[in-house]
Amino acid sequence: MYRLVRIAAALLCATLACAQTPPAAPSKKIALHLFVLVDCPISRRLAPEFRRLCADYSPRGVGCTLVFVDPDTTPQEARKHLKEFSLESIPFVIDSRHELVRRAGATVTPEAAVLDAASRVLYLGRIDDSHVSWTRSRPPTRHDLRDALDAALAGRPVPRPRTDAIGCYISPLPDDSAKD
Amino acid sequence: MKSLPLIAGLLLGSALPAATPNFSEHIAPIIFNNCTTCHRPGEAGPFPFTSYEEVAKRGKMIAAITKARTMPPWQAEKTAYPFSNERTLTAAQIELIQEWVRAGMPRGNAASQPPLPKFPQGWELGKPDLIVKMSKSFRVPAEGTDIYRHFAFPIGLPEDKWVRAIEFRPGARSVVHHALLYFDTASLWPTLDGKDGKAGFDEYNSPVAKRQRVATWAVGSNPRTYPEGIAVKLPKGADLVVQTHFHPTGKEEDEISTVGIYFADAPPAKTWTELQLPYFFGIGAGIDIPAGDPAYTVTESITLPVDVEAFAGFAHAHFLGKEFRLTAALPSGQTQDLLWVKKWDFAWQTIYNFQDRIALPKGTKLTARIVWDNSTANSANQFNPPRAIRWGEASTDEMGSITLDIVPARETELPALTAALRRHRQMTDASRVLSTDRALENGVAGLSADEAKLAKAVLGFFDADKDGKLSPAELESARANLRAQGFDTGLRRSSLPLQAASAR
């Protein structure tokens, strides 16, 4: 039953275009994928920064997408989350088969990937250094994602292309063999 | 695919027990009994753990966070005195979780999965005798630094009552981090409440003598229940004042807290007394932490004037706190740890309840040692580069103390106990005043009203010739006296101006 619901949700998503599916508009030469989970506290806490990032970089040619990584998240839940956190202006996708998760190599939420027009991963990692452990945060002093976006837009190499993101692990898709 | 556990077992070889752990038999009992009390709908845990699917979905996270011992949240080391509210997993339980996740989280036979424990719905101790609630909600912004806010809950009963338990229930569970609850007879709050247009008020300088901390709530806590035979007085006319600490969650939240109070049938046989080292979270201890200092240390001792019994401990500091240790040197010559928090984390504020009351005979020397780390190596340091930090109530200021909740072994000795605690507070202040170069050589001349009040109290003890100032000889003798009582009178960076700490 559980599996059926999941498959149904995935089909629904695929057929009804529950979200604007990336890649975004061709005018956007750089894509920003923000991997999120509706119930991950750190993913939630950074929502205001997601909003600012997309407001700041969309006009500069960055295609922003919020990527919900839990295949069980329904479009209704995703929309409710976006409304609660004032993120409605950002396109989203429910990555039911983890295609975007795998393409970027994302492992936690929140995590960001910056991709070029050829879908090469220019940056993968934290948004900033505000979270130093699961329970510890402080005002950020390094804005790694912004630095990466600035470099990518300028055609420069990204200074630190990989950083460790702190948050909730992205669960592998349920493996039928492990479910007895 | 029933063969998977078997294959995993074969591949991993003899290091594993014969059977690979499965959810129903091995993991569900650990999770349901240790995690689900908070991780269920309506409670503080962000993810529910009430079924195989919910737990398996977070398996990797659970394995990592239990291995790091971040969860379940518990900071005290094991000592000779076990805690009744301890929530830790054993090394074997943690390893079992790791094995289960490595093996692909097999479910096992669903029929052998234990049922969920019976969790209380609503008030954990049943219907309270008195329920008080915030009359207006307090809005917490979506982001920004942590917020401390005080809220008054008017009670004002016409007579004294005795309280046996208190339960704090936050309205917006995810945004309330911890709360300190006080019974307050100063009634200063009506002039402050809502003055800045928001519910509650920031600072509350109610005198120490007019407020008593009666409970602490933190994510994951149970209601504060006093041991059998102990109750706290809710004085006639007193109100409840709660200091609530909020962590912004990414969206605006509106908090309305509710507090349930349970009355005792009769006054307690023994009076609950708070022994705090250094007193009032170190207000008089001259806490002044240089930028970059990795181990700023305050040590303070008191020798018990009468036999007492201890029933709970509590450690408190802010982001720079590193280690807390309270030891008891017993008259027998034996020294025991009472509370030892080796790796302080500001995220968790817990009262540590002793399983049995600890008998501490007269003459026991209690020593609190508190260490702060103001270097960049402290990942909780809010400033980079670090700044010098002094005592203060904001979370980016510092404070620190270890509290022991005690009763006198014989109630007739209560006056002697409270007098000794009061004198100890005065001596703490005196040691700070006298730790400045040529302290009080001009008496109170040039001091502010608050400073003069404190200085006069100190002169009262040590100005032998009553000339209103301290001569070099008087100062030296006073310092020797304080050192003999276990106080540090070494010169400190922090000198006058002083807060009139003992007056608080």
Side-chain angles (χ1 to χ4, degrees), chain A residues 1-3 5-6 36-52 69-73 80-87 107-110 127-142 166-180, chain B residues 1-5 7-8 22-24 45-48 51-54 56-65 68 70-71 73 101 103-110 141-146 174 219 247-253 319 345-348 378-385 396:
Chain A
M1 183 60 198
Y2 166 74
R3 208 180 307 161
V5 170
R6 194 160 45 77
V36 299
L37 195 57
V38 292
D39 48 10
C40 173
I42 300 179
S43 183
R44 293 161 72 98
R45 282 190 94 180
L46 283 170
E49 176 61 5
F50 298 159
R51 196 166 59 234
R52 281 189 297 267
V69 302
D70 182 350
D72 295 339
T73 301
K80 180 167 169 273
H81 179 82
L82 299 178
K83 190 162 187 296
E84 273 184 328
F85 288 85
S86 308
L87 298 170
T107 54
V108 302
T109 66
I127 315 305
D128 57 36
D129 66 351
S130 57
H131 286 77
V132 279
S133 75
W134 289 306
T135 59
R136 292 183 164 190
S137 65
R138 54 185 174 184
T141 54
R142 293 189 66 103
I166 303 282
C168 309
Y169 289 118
I170 297 174
S171 304
L173 293 178
D175 175 355
D176 290 345
S177 65
K179 294 198 72 182
D180 212 15
Chain B
M1 288 296 287
K2 285 213 189 310
S3 57
L4 186 90
I7 293 167
N22 64 65
F23 182 77
S24 299
F47 322 111
S51 66
Y52 169 75
E53 285 78 11
E54 287 171 354
K57 179 180 260 189
R58 315 289 176 185
K60 194 178 168 192
M61 188 78 200
I62 294 171
I65 209 160
T70 302
M71 284 283 158
V101 172
M105 300 179 283
R107 178 168 197 160
N109 179 3
E143 63 178 336
T145 50
D146 295 359
S174 57
V219 172
H247 262 339
T249 63
K251 66 181 175 103
E252 285 184 342
E253 307 261 12
F319 292 111
D345 190 331
F346 183 53
W348 308 114
N378 176 358
S379 60
N381 199 331
Q382 299 292 295
F383 299 108
N384 186 10
T396 48

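Labels below follow one simple rule: chain letters A, B, ... track the order of the sequence lines, proteins then strands, and each chain is numbered from 1. The figures here come from the full heavy-atom set of this structure, side chains too, leaving out hydrogens, waters and symmetry mates.
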* To do: State, to 0.1 Å, how close B:Met61 and A:Tyr169 come at their nearest heavy-atom pair, and which atoms those are.
  => SD-N, 3.4 Å
* Go through B:Glu143 and A:Arg52 one step at a time and tell me if the salt bridge (charged side-chain N to carboxylate O under 4.0 Å, His left out) criterion holds. => CA-CA 12 Å; B:Glu143 63 178 336; A:Arg52 281 189 297 267; 2.4 Å; yes
* Interface residue of largest heavy-atom contact number with chain A, from B:His247, B:Met71, B:Arg58, B:Lys251, under 4.5 Å -> B:Lys251
* Would you sort out whether A:Asp72 and B:Glu53 count as a side-chain contact (heavy atoms from CB on, under 4.5 Å), showing the intermediate values? => CA-CA 11 Å; A:Asp72 295 339; B:Glu53 285 78 11; over 6 Å; no
* Taking it one step at a time, do A:Phe85 and B:Glu252 satisfy side-chain contact (heavy atoms from CB on, under 4.5 Å)? -> CA-CA 8 Å; A:Phe85 288 85; B:Glu252 285 184 342; over 6 Å; no
* Test B:Asp146 against A:Arg138 for salt bridge (charged side-chain N to carboxylate O under 4.0 Å, His left out), laying out the working first. => CA-CA 10 Å; B:Asp146 295 359; A:Arg138 54 185 174 184; over 6 Å; no
* In terms of heavy-atom pairs under 4.5 Å, which option from B:Ala142, B:Ala64, B:Gly144, B:Ala110 contacts chain A the most? -> B:Ala64
* Asked: Is there a donor-acceptor contact under 3.5 Å linking the side chains of A:Arg136 and B:Ser379?
  -> yes
* Structure fact -> Closest non-hydrogen atoms of A:Pro41 and B:Phe47, given as atom of the first, atom of the second and distance, are CD-CZ, 4.1 Å
* Asked: Tell me, side chain or backbone of A:Thr135 under 4.5 Å from chain B's heavy atoms, or both, or neither?
  -> both
* Any donor and acceptor pair, going by atom type alone, linking the side chain of A:Arg45 with main-chain N or O of B:Pro248 inside 3.5 Å? -> yes
* Can you tell which part of A:Ser86 gets under 4.5 Å to a heavy atom of chain B, answering side chain, backbone, both or neither? => neither
* Asked: Is any side-chain heavy atom of B:Lys60 less than 4.5 Å from a side-chain heavy atom of A:Ile170?
  -> no
* Structure fact -> Per-residue tally against chain A (heavy atom, under 4.5 Å) across B:Ile65, B:Thr145, B:Thr70 peaks at B:Ile65
* Asked: By a 4.5 Å heavy-atom criterion (distance strictly below it), what part of A:Leu37 contacts chain B: side chain, backbone, both, or neither?
  -> side chain
* To do: Would you mind checking which part of B:Ala68 comes under 4.5 Å of any heavy atom in chain A, side chain (CB onward), backbone (N, CA, C, O), both or neither?
  => side chain
